[in-house]
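What follows is a single structure, written as structure tokens, with notes after it.
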Amino acid sequence: MRAMFRARKEVFIDLLQWDVPALAGEYELDQFDNPDAEYLILLADGCMHRASARLLKTDRPHLLGDLYPHLCAGPLPAGPTIREITRFCLDRHQRADERRSARNQLVTALVEYALETGLTGYTGVAELAWFEQVRRFGWACEALGQPMQHGAELLTALHIRIEPDTLDRLRGAGTYEALTHALATTGPEGGQ
């Protein structure tokens with residue numbers, strides 16, 4: 001977990017210059033890193049962070065529902081079978097091809113996790129350029145409203161539907177990648 005929080009600080013605070021606090025100047029955590037949060041973490045060589053994502057229950061406080069509901073033109077998809085993907089993080093200490101592989105493995109793990117645990121979808125908030133990439137991964141992904149200016153960024157709310165053929169769709173788009181890194185799942189359903 002420390003490796004993930006350290007990587008999040010390096011990406012979101014150091015690289016992307018988000019105005020969020022760093023615990024002890026070393027870790028990025030916020031109020032949503034609580035006992036209800038779930039995490040998917042790709043690890044190399046035992047404990048080296050490669051990629052991670054935080055999953056928040058949408059029937060409890062979460063970023064889109066609590067901080068960005070204005071990004072949705074209609075009802076926000078929420079409920080016990082929908083999670084919000086936040087803090088999708090690729091470790092900076094990888095070559096470009098390693099980052100792409102880690103990204104693809106994490107996307108694949110998100111779909112497999114959803115299928116194994118009965119999740120029907122994911123929501124999220126993304127900067128417009130990242131949203132355009134996410135849409136091309138192969139899964140059914142749609143904007144929940146028009147992009148809106150937030151500081152210097154255009155943000156979009158998104159909904160990803162997980163369906164029985166989603167893994168095949170990832171394969172068709174060239175995004176599917178079987179795990180070569182260890183996958184750690186933490187949180188209420190994943191244990192540690």
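Side chains included, hydrogens not; waters and symmetry mates left out as well; all remaining heavy atoms used.
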**Prompt:** Any idea how Phe88 and Trp130 line up, ring-wise: parallel (<30°), tilted (30 to 60°), or perpendicular (>60°)?
**Reply:** tilted

**Prompt:** Would you say the side-chain atoms of Thr166 pair up with the backbone N or O of Ile162, donor to acceptor, closer than 3.5 Å?
**Reply:** no

**Message:** side-chain hydrogen bond (donor to acceptor under 3.5 Å, both in side chains), that's the test. Do Thr186 and Glu38 meet it? Break it down for me.
**Reply:** CA-CA 5 Å; Thr186 65; Glu38 301 166 49; over 6 Å; no

**Fill in**
Shortest non-hydrogen pair, Gly138 vs Ala173, comes out as CA-CB, 3.7 Å

**Criterion salt bridge (charged side-chain N to carboxylate O under 4.0 Å, His left out) against Arg8, the qualifying member of Asp14, Asp33, Asp91** = Asp33

**Asked** Which heavy atom of Ala157 sits nearest a heavy atom of Cys72, and at what distance?
**Response** CB-SG, 3.9 Å

**Request:** Considering non-hydrogen atoms only, spot the tightest contact between Gly174 and Asn104 and give its length.
**Result:** O-ND2, 4.0 Å

**Prompt:** Got a donor-acceptor contact below 3.5 angstrom from the Glu84 side chain to the Leu63 backbone?
**Reply:** yes

**Close side-chain approach of Arg6 and His49, heavy atoms under 4.5 Å** = no

**Request:** Would you check if the side chain of Arg50 reaches a backbone N or O of Leu42 as a donor-acceptor pair within less than 3.5 Å?
**Result:** no

**Asked** Do the side chain of Glu153 and the main chain of Leu155 share a donor and acceptor less than 3.5 angstrom apart?
**Response** no

**Message:** So, taking the atom named CD in Glu132 and the one named SG in Cys141, what distance separates them when rounded to the nearest 0.5 Å?
**Reply:** 9.0 Å

**Message:** Less than 3.5 Å apart, any donor N or O on the side chain of Arg54 or Tyr39 sitting next to an acceptor on the other?
**Reply:** no

**Prompt:** Can you find a heavy atom in the side chain of Val111 that is under 4.5 Å from one in the side chain of Ile160?
**Reply:** no

**Request:** Taking all non-hydrogen atoms of both residues into account, name the closest pair between Gly79 and Thr58 and its distance.
**Result:** N-OG1, 2.9 Å

**Item:** Joint cluster assignment, Leu67 & Leu154, ILVMFWY side-chain distance < 4.5 Å
**Value:** no

**Message:** Using every non-hydrogen atom in the two residues, find where Ala109 and Leu183 come nearest and quote the distance to one decimal.
**Reply:** CB-CD2, 4.1 Å

**Message:** Nearest 0.5 Å, please: how far is CZ in Arg103 from SG in Cys89?
**Reply:** 14.5 Å

**Prompt:** Can you hop from Val125 to Leu16 via hydrophobic side chains spaced under 4.5 Å?
**Reply:** no

**Asked** Could you walk me through whether Leu43 and His181 pass the side-chain contact (heavy atoms from CB on, under 4.5 Å) check?
**Response** CA-CA 6 Å; Leu43 300 168; His181 295 304; 5.9 Å; no

**Message:** I'd like to know if the side chain of Trp139 reaches the main chain of Val134, judged simply by a donor and an acceptor atom lying under 3.5 Å from each other, with no hydrogens or angles considered.
**Reply:** yes

**Asked** Any donor-acceptor pair under 3.5 Å linking the side chain of Thr175 with the backbone of Phe137?
**Response** yes

**Asked** Does Ile82 belong to the same Ile/Leu/Val/Met/Phe/Trp/Tyr cluster as Tyr122, with side-chain heavy atoms less than 4.5 Å apart forming each link?
**Response** no

**Minimum side-chain heavy-atom gap Leu90-Val11 below 4.5 Å** = no

**Request:** For residues Asp66 and Pro61, report the shortest heavy-atom separation together with the two atoms involved.
**Result:** OD2-CB, 3.2 Å

**Message:** My understanding is that a hydrophobic cluster links ILVMFWY residues whose side chain heavy atoms are under 4.5 Å apart, including indirect links. Using that, what else belongs to the cluster containing Met48?
**Reply:** none

**Request:** Working to the nearest 0.5 Å, report the span between OG1 of Thr120 and NE2 of His159.
**Result:** 6.0 Å

**Request:** Taking the side chain as every heavy atom from C-beta outward, state whether Ile13 and Val20 have any pair of such atoms under 4.5 Å apart.
**Result:** yes

**Request:** Look up atom CG in Asp165 and atom CZ in Arg171, then write down how far apart they are to the nearest 0.5 Å.
**Result:** 11.0 Å

**Message:** Could you go through Lys57 and Asp59, starting from their C-alpha distance and side-chain angles, then the distance that decides it, and tell me whether this counts as salt bridge (Lys or Arg N to Asp or Glu O under 4.0 Å)?
**Reply:** CA-CA 6 Å; Lys57 294 180 178 184; Asp59 54 358; over 6 Å; no

**Test item: Glu142 and Arg161 side chains (from C-beta on) under 4.5 Å apart, heavy atoms** = yes

**Prompt:** Same cluster or not: are Phe131 and Leu71 linked, directly or through other Ile, Leu, Val, Met, Phe, Trp or Tyr residues, by side-chain heavy atoms under 4.5 angstrom apart?
**Reply:** no

**Side-chain heavy-atom pair Arg83, Leu56 within 4.5 angstrom cut-off** = no

**Asked** Could you walk me through whether Leu144 and Leu64 pass the side-chain contact (heavy atoms from CB on, under 4.5 Å) check?
**Response** CA-CA 11 Å; Leu144 293 171; Leu64 182 55; 4.2 Å; yes

**Asked** Got more than 12 heavy atoms from elsewhere within 6.0 Å of CD, Gln146?
**Response** no

**Asked** Should the heavy atoms of other residues, nucleotides or ligands under 6.0 Å from CZ of Arg100 be counted, would the total exceed 12?
**Response** no

**Request:** Please determine, by modelled atom types, if Gln105 and Thr180 share a side-chain donor-acceptor pair under 3.5 angstrom.
**Result:** yes

**Asked** Is the His150-Tyr68 ring centre distance short of 6.0 angstrom?
**Response** yes

**Rounded distance [0.5 Å steps], CG in Leu106 versus CD1 in Ile41** = 10.0 Å

**Prompt:** Is the shortest heavy-atom distance from the side chain of Leu29 to the side chain of Lys9 under 4.5 Å?
**Reply:** no

**Item:** Check: Arg99 side chain, Gln94 main-chain N or O, donor-acceptor pair, under 3.5 Å
**Value:** yes

**Prompt:** Roughly how far apart are Phe5 CZ and Glu10 CD, rounded to 0.5 Å?
**Reply:** 14.0 Å

**Asked** Are Leu119 and Leu76 connected in a single hydrophobic cluster, I mean Ile/Leu/Val/Met/Phe/Trp/Tyr linked by side-chain heavy atoms less than 4.5 Å apart?
**Response** no

**Request:** Start with the C-alpha gap between Tyr176 and Glu112, add the side-chain angles, then the distance that decides, and say whether side-chain contact (heavy atoms from CB on, under 4.5 Å) holds.
**Result:** CA-CA 11 Å; Tyr176 177 88; Glu112 290 174 340; 3.7 Å; yes

**Asked** Do Ser101 and Glu177 touch side chain to side chain, with heavy atoms closer than 4.5 Å?
**Response** yes

